[in-house]
Amino acid sequence: MPSSIPSLITAELAPLIEWLDLLGIGVFAASGALAAARARQTLVTFAFFALVTGVGGGTVRDLLIGAPVFWVKDWRFPAVCMGAALLIWITPQRLWKGRALDWFDAVGMAVYAVFGAAKALGLGIPAVPAIMMGIITACVGGIIRDVLAGEPSILLRPELYVTAATLAAGLFVGLVLLGAPLFIAATIGALAGFILRALAIARGLSIPAYRG
């Protein structure tokens, strides 16, 4: 990896990284609150689901790369999670029927896959582990949400999910290494990951399962 990448990420992508982080957390937190809504839980449970879904993947990422856990010292991140929980709580249930949770999760997955990879690159993590950090950031919060809600894990559903996160993170890192402008790389990576996940939701796209 070119030695200039960490400094480029820090200097040029810092505002984008900050907004990607808040956006990804907000959308993931909303998906956690929606899971609580499906189970007809209390506002306290809404808030808890929103928090662990919103910050779960980023917490694991930061622990793995040796970075300070991002939300512990910045009140905005738990505040965004609480705000998302309250928003879902006070809005009519009819707005969240159908596959609303899946669509919120798809947006959060795509954004957070790029953000996780970008943060890892900014700390000097090599390309392949940086992609892995993007995948972990994008997927772990949803896994925790599903376990808490007693729903089938996103990892065990047939349609593409981790593959979409891999596409988003991998495309972003690849474009950065090729010298693409960082904003363009982030936009293309997140959009590609979202489109693949959207096709999986709408058309049930999946990869072949093990048949023995």
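At distances below 3.5 Å, at least one donor-acceptor pair connects side-chain atoms of Gln41 with backbone N or O atoms of Ala39. At distances below 3.5 Å, not a single donor-acceptor pair connects side-chain atoms of Asp62 with backbone N or O atoms of Ala67. Between the side chain of Thr91 and the backbone N or O of Ile88 there is at least one donor-acceptor pair closer than 3.5 Å.
Under the 4.5 Å side-chain contact rule for hydrophobic residues, Trp75 and Met82 do not share a cluster. Note on Leu63: it clusters hydrophobically with Val52, by side-chain heavy-atom contacts below 4.5 Å among ILVMFWY residues. Transitive grouping of hydrophobic side chains (ILVMFWY, heavy atoms separated by less than 4.5 Å) keeps Val176 and Val128 in distinct clusters.
With rounding to the nearest 0.5 Å, the separation of CZ in Phe77 from CG in Leu22 is 5.0 Å.
Aromatic ring pairs are classed by plane angle as parallel below 30°, tilted from 30° to 60° and perpendicular above 60°; the pair Phe46 and Trp89 is perpendicular.
Residues Thr45 and Thr42 have side chains that bring a donor and an acceptor to within less than 3.5 angstrom of each other.
Stacking of Arg145 on the aromatic ring of Phe28 is not recorded, the 6.0 Å distance cut-off and the 45° axial limit not both being met.
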side-chain contact (heavy atoms from CB on, under 4.5 Å) between Phe115 and Arg61, intermediate numbers included: CA-CA 11 Å; Phe115 170 76; Arg61 175 205 63 225; 3.3 Å; yes
Under the side-chain contact (heavy atoms from CB on, under 4.5 Å) rule, what do Ile184 and Leu175 come out as? Steps first, then yes or no, please. CA-CA 9 Å; Ile184 298 299; Leu175 289 172; 5.9 Å; no
